[in-house]
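All values below were derived from every heavy atom in this structure, side-chain atoms included, with hydrogens, water molecules and symmetry-related copies excluded. In what follows, chains are A, B, ... by sequence order, proteins preceding strands, each numbered from 1.
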Protein chains: 2
Amino acid sequence: MPDEQRPRRPATMKDVAAAADVGLGTVSRVFSNNGKVAASTRQRVEEVAARLNYRPSALGRGLKLSTASNIGLLVTDISNPFYGEFAEGLLGAANAIGHHVILCATGEDPATEREYVDLLLQERVGGIVAFPTSENRELWRSAQDLGTRVLFVDRTVPGIEAACLSVDHQAGARSATEHLLALGHRRIGYLGGPDRLTSGSMREAGYRRAHADVDVGVDERLVVRTRFTRETAYASAVRLLDAPDPPSALFVGNNVLGEAALTAVRDRGLSVPDDISLVMFDDVSWAKLVDPPVTVVAQPTRQLGAMAARTVLTARPEAQQLLLPPQLVVRRSTAAFYG
Amino acid sequence: MPDEQRPRRPATMKDVAAAADVGLGTVSRVFSNNGKVAASTRQRVEEVAARLNYRPSALGRGLKLSTASNIGLLVTDISNPFYGEFAEGLLGAANAIGHHVILCATGEDPATEREYVDLLLQERVGGIVAFPTSENRELWRSAQDLGTRVLFVDRTVPGIEAACLSVDHQAGARSATEHLLALGHRRIGYLGGPDRLTSGSMREAGYRRAHADVDVGVDERLVVRTRFTRETAYASAVRLLDAPDPPSALFVGNNVLGEAALTAVRDRGLSVPDDISLVMFDDVSWAKLVDPPVTVVAQPTRQLGAMAARTVLTARPEAQQLLLPPQLVVRRSTAAFYG
DNA sequence: TTGAAAGCGCTAACAC
DNA sequence: GTGTTAGCGCTTTCAA
């Protein structure tokens, strides 16, 4: 008995055409679903194709149409649950319109970003959905010049006109801060990301705006910006808590920072919300799981992802802004302050 | 002043060749880095290419070589932090060897899985790394017949010989259960996934094995299998806790189940570990954040992902098993039981 | 070391 | 309705 036959070479359209005794065009019409094909012919072709284990090559098709039908997703860290949620939403919507998603994680590193975008451009993706570092202006311009749709999420790149999808960070931060101010807090710490990032600076602006609205001054020693790594975030949180005249409340800019802050608070032996109130941007699963559950600014993360998938392929370079409202979810990590 | 020039059509190798006044082959040699090219020629070509904003088309290249240099990753839910960690590890390693990753999420649905694998096959990916549902045998066989490398992770598909990478679920579950038994627990609940999944049945086997080793019987009413959705998991956890003679300890099979169990325990007004001890498979970030921190069986998740990337493209169909050891991390959710 | 040419699998335009 | 054909952008002989 001979070796089981394992075709090294996948069947091509030509093979199918020959086996079904029809022309190449006919097979193409069957699989691309346009043009007329007699029902009987179609059936015969499909049978033959199934027998040959034929799958149309996206490579051949893409080359001919000179575009691949997939989209690139550029996040900073897919193990961050926020990006996980976003990706899940994006994936579902992309699949619904028949597009594959190529995933890239930059780790906030501009060089890695450059490398990945270059590769996506080589793949001739139809569009790129990105949480960009704020660098690489030339690169993004090249991408647009090449005809690749670009949709930024949460952040922008100075000098680049591109569609941008985002939650209203400023409004979210403002409502969180207002919540704390209304509870009587006057010394509210802010732990945020690098202000080079749009989302970070908008959140900080919201925090300041809320203070200004009620004529409370911001103590600059209580405003700390840090990179999104566990170590630096933790160190920054500690610095905030150890300030000479420490804050009675803390507003943290995302879930990674929130983890760090919560850990630091615990390590300090402080209790939430008795010693310090806590509000976090992003409603990740653990916010409800810890004790007390954390008051958060919730983003419609999954919808954001789905919307990105639906938007990116039609994104016009003329800056188009899509702003979704976030929502304050009050839980038990925030309490009234009696000075 | 005329409109800024935005080439609708990306420059091709031919354009570069013409502009640099060399042959097509020469340009190809420059960018594919094989064959000899004079240094001066190379430089000229590179300059011209940069000026034209040229990027080699992966489509053309893939068609010619009849394989795309990317790999498909098929998870069930990328918003699950376990898959996020895994993907992060995979991405890093794949990037290091110059491969793109196409991400797919099945939601444990065989039909969705079929759809995605079909698409990956059409894309002519070099390999597929999958956490498969246990169905679709024919599909996986087709994939292998087409010459696509397949690497299963954590699970297998009946009837398919494929390389499989996994943590030693049985050993992990066993050590978790032994830990509880050593603490004096005799009624240990098990909340696991569907036993159709290899990982689930291995974990259950480990749980049973630990009992057998010390001659403690397993009360079948304390063994509950559930789907990985929040609702069903929560309902199952409640059922376990409300059993007539409830368990004094609980071993849960993954982080989603763990979330559900913890929530159910809280809603029941029980306290951990006084009323019930808890061990979970997967060391996700919130395990350290909740109070008390949860004892877990930690997987080297990121390494698993990196190893998958490095393995998949050489994976031989002859079943090859790679088993990594998990590690019990004792924290404060488990305590001695004094019957 | 370089140029010319064939062809990878597919689509679309055209002829029948 | 269906067959034929000309490329899409690239790699790779084969000559020069």
Side-chain angles (χ1 to χ4, degrees), chain A residues 7-46 48-49 52-70 98 119 121-126 146-147, chain B residues 7-46 48-49 52-69 119 121-126 146-147:
Chain A
R8 279 303 87 198
R9 183 179 70 70
T12 72
M13 207 167 246
K14 204 160 104 184
D15 299 330
V16 176
D21 201 33
V22 296
L24 202 51
T26 302
V27 182
S28 172
R29 264 162 245 145
V30 167
F31 283 97
S32 58
N33 263 325
N34 51 9
K36 299 280 168 218
V37 184
S40 61
T41 311
R42 163 177 300 263
Q43 193 188 347
R44 187 153 42 96
V45 169
E46 281 172 345
V48 169
L52 295 183
N53 197 11
Y54 169 74
R55 326 265 154 154
S57 159
L59 257 23
R61 158 174 253 261
L63 180 56
K64 179 66 189 177
L65 304 182
S66 63
T67 176
S69 75
N70 43 33
L119 282 168
L121 258 24
Q122 295 185 190
E123 294 279 356
R124 301 292 192 266
V125 295
L146 253 22
Chain B
R8 277 307 86 199
R9 182 179 70 70
T12 71
M13 206 166 247
K14 202 159 106 186
D15 300 328
V16 176
D21 201 33
V22 297
L24 203 53
T26 303
V27 182
S28 172
R29 266 161 244 144
V30 168
F31 284 96
S32 58
N33 263 325
N34 52 8
K36 300 279 169 219
V37 183
S40 61
T41 312
R42 164 178 299 262
Q43 194 188 345
R44 186 153 42 96
V45 168
E46 280 172 347
V48 169
L52 296 183
N53 197 12
Y54 169 73
R55 326 265 153 152
S57 160
L59 257 23
R61 159 174 252 262
L63 180 56
K64 181 64 193 178
L65 304 181
S66 63
T67 176
S69 76
L119 283 169
L121 259 21
Q122 295 185 189
E123 294 278 356
R124 302 291 191 263
V125 295
L146 252 22

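For B:S28 and D:dT11, the shortest distance from a side-chain N or O to OP1 or OP2 is below 4.0 Å. Here A:T26 reaches the OP1 or OP2 of D:dG3: one of its side-chain N or O atoms lies under 4.0 Å away. Between C:dG9 and A:R61, no contact under 4.0 Å exists linking OP1 or OP2 to a side-chain N or O.
Within 3.5 Å, a donor on the side chain of A:R29 pairs with an acceptor on the base of D:dG3, or the reverse.
Nucleic acid contact class of B:V37 (heavy atoms, under 4.0 Å, all strands): sugar-phosphate only. Among the protein residues, B:G23 comes within range of the sugar-phosphate backbone only, with heavy atoms under 4.0 Å from sugar or phosphate atoms but none that close to a base. Note on B:V22: only backbone sugar-phosphate atoms sit closer than 4.0 angstrom, heavy atoms only; bases stay farther off.
What separates CG of A:D21 from P of D:dG3 is a distance of 8 Å, to the nearest Å. A:Q122 has its CD atom 10 Å from the P atom of D:dT11, to the nearest Å. What separates OH of B:Y54 from C1' of D:dC10 is a distance of 7 Å, to the nearest Å. Distance CE (B:M13) to C1' (D:dT12): 12 Å, rounded to an integer number of Å. If you measure from atom CG of A:L65 to atom P of D:dG7, you get 16 Å, rounded to the nearest angstrom. B:L63 places its CG atom 16 Å from the P atom of D:dG7, with the value rounded to the nearest Å. Between the CG atom of A:L52 and the P atom of C:dG9 there is a distance of 14 Å, given to the nearest Å. Residue A:K36 contributes atom NZ, which lies 18 Å from atom P of C:dT11 at whole-angstrom precision.
Between A:S69 atom OG and B:L119 atom CG the span is 8.0 Å, to the nearest 0.5 Å.
Proximity of a side-chain donor or acceptor of A:R42 to a complementary backbone N or O of A:V37 within less than 3.5 Å is not detected.
By the 4.5 Å heavy-atom criterion applied to side chains, B:M13 and B:V16 are not counted as neighbours.
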Exercise. Yes or no on side-chain contact (heavy atoms from CB on, under 4.5 Å) for A:R61 and A:S32, after CA distance, side-chain angles and deciding distance?
Worked result: CA-CA 10 Å; A:R61 158 174 253 261; A:S32 58; 3.9 Å; yes

For this session: Please report the C-alpha distance between A:D15 and A:R9 in whole Å, then the side-chain angles of each, then the deciding distance to 0.1 Å, and finally whether the side-chain contact (heavy atoms from CB on, under 4.5 Å) criterion is met.
Result: CA-CA 11 Å; A:D15 299 330; A:R9 183 179 70 70; 3.1 Å; yes

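Judged by closest nucleotide on DNA chain C, B:T41 is the one of B:K64 and B:T41 placed further toward the 5' end.
Distances from the side chain of B:A38 to the nucleotides D:dT11, C:dT2, C:dC10 place C:dT2 closest. The A:N34 side chain lies nearest to C:dA12 when the options are C:dT11, D:dG9, C:dA12.
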